[in-house]
Amino acid sequence: QQQVKQSPQSLIVQKGGISIINCAYENTAFDYFPWYQQFPGKGPALLIAIRPDVSEKKEGRFTISFNKSAKQFSLHIMDSQPGDSATYFCAASMRTGGSYIPTFGRGTSLIVHP
Amino acid sequence: KAGVTQTPRYLIKTRGQQVTLSCSPISGHRSVSWYQQTPGQGLQFLFEYFSETQRNKGNFPGRFSGRQFSNSRSEMNVSTLELGDSALYLCASSLDPGTAYGYTFGSGTRLTVV
């Protein structure tokens with residue numbers, strides 16, 4: 001059973017456009033929602049994260065929108081650049097055995113055309 | 001400040017063999033987690049170690065095991081390798097796993113089983 005569902009699987013955007021990636025979760029015990037960015041040959045890197053008591057968080061061109069009642073959250077990349085081409089993973093975390101363990105979505109491969 | 005270091009970067013093994021992967025966390029980080037990344041399943045949690053103790057474990061067979069040393073370095077071992085074990089194995093460390101600050105991942109070990 002997939003606890004975090006991510007869509008789309010792949011996304012192609014023109015330079016300057018808006019990239020939107022969506023995630024949905026089932027377990028209401030999740031209370032931390034990070035996004036990771038992964039370039040080929042590298043491990044995922046934490047991009048931005050949000051808590052469920054906030055509906056939106058913005059860092060530069062990256063914004064997370066969070067809808068607690070719908071159990072959905074999304075990543076918006078404004079003014080997308082070719083350097084943003086990467087795989088993006090959403091995740092949902094909850095404290096388990098004393099540690100926050102993230103459950104990841106399947107990932108979205110983003111290609112930004114120049 | 002050095003990041004998370006995983007060795008080796010690439011490994012080719014034959015079915016039935018065993019393999020040991022190594023991970024050195026960021027200095028001062030006491031928690032180390034391991035993930036298996038495949039195109040079909042995405043990032044799947046293997047286990048987490050904190051202060052030399054396994055705190056959490058994912059749904060993987062007993063062929064997958066790990067340990068953590070007193071200097072926080074960690075190793076994971078896979079015995080009786082199967083073709084399906086071919087994957088990118090990622091190690092991640094965190095300063096305080098009890099707070100939701102997210103992981104720092106290494107670049108991974110690419111394991112190919114032939």
Side-chain angles (χ1 to χ4, degrees), chain A residues 1-10 21 23 25 27 29-54 57 59 62 64 66 73 86-109, chain B residues 2-7 9-10 21 23-26 29-51 53-60 68 74 87-110:
Chain A
Q1 182 184 1
Q2 191 179 352
Q3 291 199 57
V4 179
K5 294 182 179 180
Q6 183 172 347
S7 64
Q9 189 173 354
S10 61
I21 304 170
C23 285
Y25 63 97
N27 192 339
F30 289 133
D31 63 354
Y32 181 69
F33 301 86
W35 285 86
Y36 286 82
Q37 179 189 55
Q38 184 178 29
F39 293 105
K42 299 289 186 182
L46 180 65
L47 187 62
I48 186 172
I50 197 167
R51 291 268 194 193
D53 53 347
V54 176
K57 183 173 182 180
E59 289 186 3
F62 300 89
I64 301 178
F66 190 86
F73 57 111
T87 301
Y88 292 82
F89 294 92
C90 64
S93 298
M94 62 180 176
R95 195 168 170 137
T96 305
S99 301
Y100 270 88
I101 305 296
T103 298
F104 287 88
R106 292 272 176 94
T108 296
S109 176
Chain B
V4 177
T5 304
Q6 291 188 246
T7 57
R9 286 299 308 275
Y10 302 93
L21 311 181
C23 172
S24 294
I26 290 174
H29 285 198
R30 294 191 296 160
S31 170
V32 173
S33 296
W34 289 88
Y35 280 81
Q36 182 194 65
Q37 185 175 17
T38 59
Q41 297 297 318
L43 284 151
Q44 293 194 290
F45 174 71
L46 282 155
F47 28 66
E48 181 223 3
Y49 286 87
F50 179 74
S51 293
T53 301
Q54 186 180 88
R55 259 221 252 194
N56 288 285
K57 189 177 190 304
N59 293 325
F60 278 81
Q68 186 180 34
S74 177
L88 180 67
Y89 289 88
L90 291 160
C91 165
S93 73
S94 63
L95 178 62
D96 181 357
T99 57
Y101 288 135
Y103 290 155
T104 300
F105 281 92
S107 294
T109 293
R110 172 75 61 185

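As the structure is a computational prediction, the values presented were derived from the model and not from experiment. Lettering follows sequence order; numbering is per chain, from 1.
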Inset, instruction - May I ask you to check whether A:Y36 and B:F105 place their ring centers less than 6.0 Å from one another? - result: yes
Inset, instruction - Tell me, for B:L90 versus chain A, whether the close heavy atoms (under 4.5 Å) come from the side chain, the backbone, both or neither. - result: side chain
Inset, instruction - Measure B:R9 against the heavy atoms of chain A and call it side chain, backbone, both or neither at under 4.5 Å. - result: side chain
Inset, instruction - Kindly indicate, with the supporting measurements, whether the criterion side-chain contact (heavy atoms from CB on, under 4.5 Å) is fulfilled by B:Y103 and A:L46. - result: CA-CA 7 Å; B:Y103 290 155; A:L46 180 65; over 6 Å; no
Inset, instruction - Take atom NZ of A:K42 as the centre, draw a 6.0 Å sphere, and report whether it contains more than 12 heavy atoms from other residues, nucleotides or ligands. - result: no
Inset, instruction - List the atom of B:E48, the atom of A:S99, and the distance in Å for their closest heavy-atom pair. - result: OE2-OG, 2.7 Å
Legend entry - Under 4.5 Å from a heavy atom of chain B, the part of A:P44 involved: both
Inset, instruction - Apply the test side-chain contact (heavy atoms from CB on, under 4.5 Å) to residues A:Q38 and B:L88: give CA-CA distance (whole Å), side-chain angles for both, the deciding distance (0.1 Å), then the verdict. - result: CA-CA 13 Å; A:Q38 184 178 29; B:L88 180 67; 4.1 Å; yes
Inset, instruction - May I ask you to check whether over 12 heavy atoms, not counting those of A:D53, lie within 6.0 Å of atom CG? - result: yes
Inset, instruction - Side chain from CB out, backbone as N, CA, C, O: work out which of these in B:Q6 comes under 4.5 Å of a heavy atom of chain A, or both, or neither. - result: neither
Legend entry - Nearest heavy atoms of B:S107 and A:G41, plus distance in Å: CB-O, 3.9 Å
Inset, instruction - Drop me the distance from A:I101's CD1 to B:K57's NZ, to the nearest 0.5 angstrom. - result: 13.0 Å
Inset, instruction - Would you check, one step at a time, whether the test side-chain contact (heavy atoms from CB on, under 4.5 Å) holds for A:T96 with B:F45? - result: CA-CA 13 Å; A:T96 305; B:F45 174 71; over 6 Å; no
Inset, instruction - Please indicate whether A:Q9 has more than 12 foreign heavy atoms, meaning atoms of other residues, nucleotides or ligands, lying under 6.0 Å from its CD. - result: no
Inset, instruction - Start with the C-alpha distance between B:Y35 and A:F104, add both sets of side-chain angles, then the distance that settles ring pair (Phe, Tyr, Trp, His ring centres under 6.0 Å), and finish with yes or no. - result: CA-CA 10 Å; B:Y35 280 81; A:F104 287 88; 5.3 Å; yes
